[in-house]
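Only one structure is covered here, and it is reproduced in the block below.
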Number of protein chains: 2
Amino acid sequence: MTPSAAGADAAAVDAADAADADAPWLDDREQAVWRQWIQVSGRLPAALHRDLQRSSDLSLPDFDVLVRLTESDEGRMRVSALATSLQWERSRLSHHVGRMGRRGLVEREDCVDDARGAFIAVTEAGRAAIERAAPDHVRTVRSLVFDALSEDEVAAFGAVMTRILSRLDAVEG
Amino acid sequence: MTPSAAGADAAAVDAADAADADAPWLDDREQAVWRQWIQVSGRLPAALHRDLQRSSDLSLPDFDVLVRLTESDEGRMRVSALATSLQWERSRLSHHVGRMGRRGLVEREDCVDDARGAFIAVTEAGRAAIERAAPDHVRTVRSLVFDALSEDEVAAFGAVMTRILSRLDAVEG
DNA sequence: AGAACCTAGGTGATATGTCAACTATTCCGT
DNA sequence: ACGGAATAGTTGACATATCACCTAGGTTCT
């Protein structure tokens, strides 16, 4: 997913019965914005991912995991807490930390309080990897996004993200 | 990638040498917006994808391909034109239309002008599938995005996407 | 205590995306 | 007209994501 989204709903307009009162179509402006969103949501992560791989042998998801762990106390978190923090499914996280574990970036620790549970902890190698990768990555984020936006645009962007997130929260619980 | 992106750069700030003048970090507002973007760019496509699957046996990428094809003259496009239109790598498209072909949604046609080339064409089943799926999908897009935004916000959102896209175009050619 | 249920997390099959290498044509300069 | 470079598209190996199901350990109620 990198999934994208409805590339264009113009076809849908033609294809389906446009008179269906229950499904108001996107107007021209909305449609243009929607297509732009699809492009950006697909291409920006891909660009960041490639950049990260070129300079660091970490993937973008690897980076995200390491960020959360290095931010946390003692560099370790319960699996569920990490999943919630990343908004990942636990299954995805489980597979992912398995792979990261094999590469020595993180390791599992048993949980004393609850024998079902586990911690995921950054290793020294994991810390070293993110410290090496971060400067370049941040530079790329700046150059692709924030350098292109005025303060007002950043604020507006944030406001839009906030509204969409609240819709997603409403739908997904 | 559905990849996401730098979940948080706070750790990077702590981790790397914050005095490095070549890598200015994100400030608090930027960082907050960045994290929101990561959430939205991961969760919105996932939500749309699930919605589409529930109601139609099409994936989000399937939908995008079908939209482009049904929009085009005669319902068919050259592989490269389709790839450019979607901003996909040709390899990805090749794999994807292979799978869609097996399901009867599209079919390959040889190109008379250029024996190397090929067309991808929507089948009747493909048209039927997108016509069935579209109303619900558009309804979901409206409810998750446009219903939540004022006209000004839509405009601002579009402006931000435009700026980021021009950066991506500059980087990717 | 013990049965029913809940929670933490993992697993395997499968779908998807990416990268590098490959084949078959066409183009282009000499 | 012919040899090398560019182009169109595919393929296989591999990384990643998702889904449905599984196991082990806790909780609760009687």
Side-chain angles (χ1 to χ4, degrees), chain A residues 1-5 41-43 45-54 57-65 77-84 86-103 105-106 108-120 172, chain B residues 1-5 41-43 45-54 57-65 76-84 86-103 105-120 172:
Chain A
M1 128 109 34
T2 301
S4 69
S41 72
R43 291 169 61 190
L48 293 171
H49 179 78
R50 272 194 305 275
D51 186 67
L52 206 49
Q53 292 265 285
R54 192 160 27 70
D57 92 333
L58 291 179
S59 71
L60 201 41
D62 293 340
F63 192 91
D64 288 353
V65 168
M77 293 176 78
R78 285 293 290 269
V79 172
S80 294
L82 184 51
T84 301
L86 292 162
Q87 293 278 160
W88 286 10
E89 293 181 17
R90 270 174 336 185
S91 163
R92 174 183 178 187
L93 182 58
S94 186
H95 283 298
H96 203 90
V97 299
R99 289 188 298 259
M100 290 178 75
R102 258 169 262 132
R103 291 191 290 144
L105 298 169
V106 299
R108 295 177 39 87
E109 291 173 8
D110 290 335
C111 179
V112 184
D113 302 344
D114 185 338
R116 293 169 302 182
F119 289 93
I120 308 296
E172 296 175 351
Chain B
M1 157 196 72
T2 297
S4 68
S41 72
R43 292 169 62 191
L48 293 170
H49 179 79
R50 272 194 304 276
D51 186 66
L52 206 48
Q53 291 265 284
R54 192 160 26 69
D57 91 336
L58 292 179
S59 72
L60 202 39
D62 293 340
F63 192 93
D64 288 355
V65 168
R76 60 180 215 161
M77 292 176 80
R78 285 292 290 271
V79 172
S80 294
L82 185 52
T84 302
L86 291 162
Q87 294 276 162
W88 285 12
E89 295 182 15
R90 272 180 335 202
S91 161
R92 174 183 177 186
L93 182 57
S94 186
H95 283 299
H96 203 88
V97 298
R99 289 186 297 259
M100 290 178 75
R102 258 169 262 133
R103 292 192 289 143
L105 298 168
V106 299
E107 58 193 9
R108 296 177 39 86
E109 292 174 7
D110 290 335
C111 178
V112 184
D113 302 342
D114 185 339
R116 292 169 301 185
F119 289 94
I120 308 297
E172 298 176 351

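Every chain is numbered from 1, with letters handed out A, B, ... down the list of sequences. Atoms considered below: every heavy atom in the structure, side chains included; atoms not considered: hydrogens, waters and symmetry mates. Not measured: the values here are computed from a predicted model.
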Just the atom pairs and distances: protein N or O near nucleotides 24-26 of chain C's N or O, under 3.5 Å.
from	atom 1	to	atom 2	distance (Å)
C:dT25	O2	B:R116	NH1	3.0
C:dT26	OP1	B:A115	N	3.0

**Item:** Residues B:D62, B:R99: salt bridge by 4.0 Å N-O rule
**Value:** no
Ranking D:dG9, C:dC19, D:dT16 by distance to the side chain of A:R50, first place goes to C:dC19
Of all heavy-atom pairs linking B:L93 and B:V79, the shortest is CD2-O, 3.3 Å
Of the candidates C:dT11, C:dG17, C:dA20, the side chain of B:H96 sits closest to C:dG17
Query - Beyond-backbone contact of A:R78 with A:D114, side-chain heavy atoms, under 4.5 angstrom - result: yes
A:L105 CG to D:dT16 P, in whole Å, measures 11 Å
Under 4.0 Å between a side-chain N or O of B:S80 and OP1 or OP2 of D:dG9?
-> yes
Of the candidates C:dA8, D:dG12, D:dT10, the side chain of B:H95 sits closest to D:dG12
Practice problem: Respond yes when some side-chain nitrogen or oxygen of B:R108 is under 4.0 Å from OP1 or OP2 of D:dG9, and no when none is. | Solution: no
Nearest heavy-atom approach of B:A118 to B:C111 is N-CB, 4.0 Å
Do A:R50 and A:P45 have side-chain heavy atoms sitting under 4.5 Å apart? no
Atom NE2 of B:H49 and atom C1' of C:dT14 are separated, to the nearest Å, by 12 Å
Value for CZ (B:R43) from CG (B:L48), rounded to nearest 0.5 Å, stands at 12.5 Å
A:D110 CG to C:dG9 P, in whole Å, measures 11 Å
5'-most contact on DNA chain D (nearest-nucleotide basis), A:E89 vs B:A118, goes to B:A118
Counting only side-chain nitrogens and oxygens, does B:S59 get under 4.0 Å of the OP1 or OP2 atom of C:dT16?
yes
| task | Find out whether B:Q53 and B:L58 are in side-chain contact, i.e. whether some heavy atom of one side chain is under 4.5 Å from a heavy atom of the other. | result | no
Taken to the nearest whole Å, CZ/A:R90 to P/D:dA17 is 17 Å
**Study point:** D:dT10 base / B:S91 side chain donor-acceptor hit below 3.5 Å
**Key:** no
B:R99 atom CZ is separated from D:dA17 atom P, nearest whole Å, by 15 Å
Out of D:dC19, D:dA17, D:dG9, minimum distance to the side chain of A:R92 belongs to D:dA17
Separation of D:dC14 atom C1' from A:R102 atom CZ, nearest Å, is 13 Å
In whole angstroms, the gap separating P of D:dT18 from CG of B:L60 amounts to 12 Å
Whole-Å distance, A:L93 CG to D:dT16 P, equals 13 Å
Original post:
Quick one: is C:dA8 close enough that its OP1 or OP2 comes under 4.0 Å of any side-chain N or O from A:R78?
Top reply: no
- Are B:R92 and B:H95 linked by a side-chain donor-acceptor pair shorter than 3.5 Å? no
